[in-house]
Amino acid sequence: METGFAPSPERTLEDLLAHARALVGVELGELADGLGLPVPAGLVRTKGWSGQVIEQELGVSSSGARGPDFASLGVELKTVPVDARLVPLESTAVCQIDPVAIAAEAWEGSYAREKLARVLFIALEVPPGARSVGERRVAAVRLWSPDAEQERALRADFELFVRGFFRRGRAEEITGHLGAVLQVRPKGKNAADTRDGYDARGNPTRVGKHGFYLRPSFVAAILSGP
DNA sequence: ACTTGATCATTT
DNA sequence: AAATGATCAAGT
């Protein structure tokens, strides 16, 4: 795949957007070939692969580093699998939660808000009956920042979780049913994967790892925009 | 059919 | 171990 763009990192937001938009219509398999990356055979060991191909193509050097993918641009990159109507097939992970730190955070100043301040969504259409992640195709590109209404909704959910649960040592009582646009769901190696937190009496304990996720309906609205 | 809770893969 | 990237699959 030759997109005519120079290697990473992207120097300006315009460069990054132009590069991303040039990928619309391209299959991930082609993209991977152009990058010299192997395309996984079948559907095992593919989790995360789509995001990593897009990262490499767009020049995210250090995946795994904390903070925005394009630090100098303040842009977070997210890929999301969608159907032919651009409706997400999955929720979108935002970040992991530090139960101790978040108890002292306000929405303003929170890591979650920083992550969501400016997001480059790359929608990847999954063909029905696809036999490989290489068959996914870049379907849409959206640079998004929350508008006033979305910001209110995000903040309301964030405060529900922080004030109602984390700050009261009730993290383990959170379920995926809570939150209108933002969810808190498990985000660990497995159910036994824990980290430091507090119990309801304020004593140190271990709590299951959780992360913030955007509901598919919320991302659907973002993708349906311009 | 959809969501929630559980889990997988890679990198530092 | 802990962050990143996510998707799987059982339960509803």
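Quick note on labels: first sequence line is chain A, next is B, and so on, each numbered from 1.
- If you check every strand for non-hydrogen atoms under 4.0 Å, A:Pro216 touches nothing.
- Put simply, CG on A:Asp69 is 16 Å from P on C:dA3, counting in whole angstrom units.
- Annotation: of the two residues near DNA chain C, A:Glu76 and A:Thr194, the 5′-most nearest-nucleotide partner is A:Thr194.
- Contact annotation for A:Asp193: no contact, since no heavy-atom pair falls under 4.0 Å across all strands.
- Judged by distance alone, with hydrogens and angles left aside, A:Lys47 brings a side-chain donor or acceptor within reach of the base of B:dT7, the pair sitting under 3.5 Å.
- Taking atom CG of residue A:Leu214 and atom P of nucleotide B:dT3, one finds them 14 Å apart after rounding to whole Å.
- Comparing C:dT7, C:dA6, C:dT4 by their closest approach to the side chain of A:Pro81 singles out C:dT7.
- Looking at heavy-atom distances under 4.0 Å, A:Thr79 makes contact with sugar-phosphate atoms alone, never a base.
- Here A:Arg136 lies in heavy-atom contact (under 4.0 Å) with sugar-phosphate atoms only.
- Atom CZ of A:Arg66 is separated from atom P of C:dG5 by 11 Å (rounded to the nearest Å).
- The closest side-chain heavy-atom distance from A:Pro40 to A:Arg45 is not below 4.5 Å.
- For the pair A:Arg185 and A:Tyr213, the cation-pi criterion (under 6.0 Å, within 45° of the ring axis) is fulfilled.
- Contact check, A:Gln183 against B:dT3: no side-chain N or O comes under 4.0 Å of OP1 or OP2.
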Check against side chain to side chain contact (heavy atoms under 4.5 Å, CB included), A:Leu28 and A:Trp49: CA-CA 10 Å; A:Leu28 291 191; A:Trp49 185 85; 3.8 Å; yes
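- Using modelled atom types, one finds a donor on one side chain and an acceptor on the other under 3.5 Å when comparing A:His19 with A:Glu57.
- Within the structure, a side-chain polar atom (N or O) of A:Arg215 is placed less than 4.0 Å from OP1 or OP2 of B:dT4.
- Contacts between residues 159-181 of chain A and DNA chain C, defined by a heavy-atom separation under 4.0 Å, are absent.
- Checked for salt-bridge contact, A:Glu76 and A:Lys115 meet the test: a charged N lies under 4.0 Å from a carboxylate O.
- Heavy-atom distances to DNA chain C give each of A:Glu55 and A:Glu90 a nearest nucleotide, and the one nearer the 5′ end belongs to A:Glu55.
- Under the 4.5 Å side-chain contact rule for hydrophobic residues, A:Phe70 and A:Trp144 do not share a cluster.
- Atom CZ in A:Arg185 sits roughly 16 Å away from atom P in B:dC2 (whole-Å rounding).
- The distance from atom CZ of A:Phe212 to atom C1' of C:dT4 is 17 Å, rounded to the nearest whole Å.
- Residue order along DNA chain B, read from the 5' end via each residue's closest nucleotide, puts A:Gly188 first among A:Gln52 and A:Gly188.
- For DNA chain C, the neighbouring residues in residues 94-120 of chain A, judged by any heavy atom under 4.0 Å, are A:Gln96, A:Tyr111, A:Lys115.
- Placement of A:Phe218 and A:Val141 in two distinct hydrophobic clusters is found when ILVMFWY residues are connected by side-chain heavy-atom separations under 4.5 Å, directly or transitively.
- To the nearest angstrom, C1' of C:dA6 lies 7 Å from NZ of A:Lys187.
- Going from atom CD1 of A:Ile54 over to atom C1' of C:dT4 covers 16 Å, rounded to whole Å.
- Counting non-hydrogen atoms under 4.0 angstrom, A:Ala93 reaches a base of the nucleic acid.
- Atom CD of A:Glu108 has more than 12 heavy atoms from other residues, nucleotides or ligands within 6.0 Å.
- Other residues, nucleotides and ligands contribute at most 12 non-hydrogen atoms within 6.0 Å of the OH atom of A:Tyr198.
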Yes or no on side chain to side chain contact (heavy atoms under 4.5 Å, CB included) for A:Val138 and A:Ile122, after CA distance, side-chain angles and deciding distance? CA-CA 7 Å; A:Val138 179; A:Ile122 310 288; 3.9 Å; yes
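- Here the side chain of A:Lys78 is nearest to one of C:dG5, B:dA6, C:dT7, namely C:dG5.
- Taking atom CG on A:Asn190 and atom P on C:dC8, their separation rounds to 18 Å, with Å as the unit.
- Sequence order on DNA chain B of the closest nucleotides to A:Ala192 and A:Leu89 puts A:Leu89 first from the 5' end.
- A:Arg206 CZ: more than 12 foreign heavy atoms inside a 6.0 Å radius.
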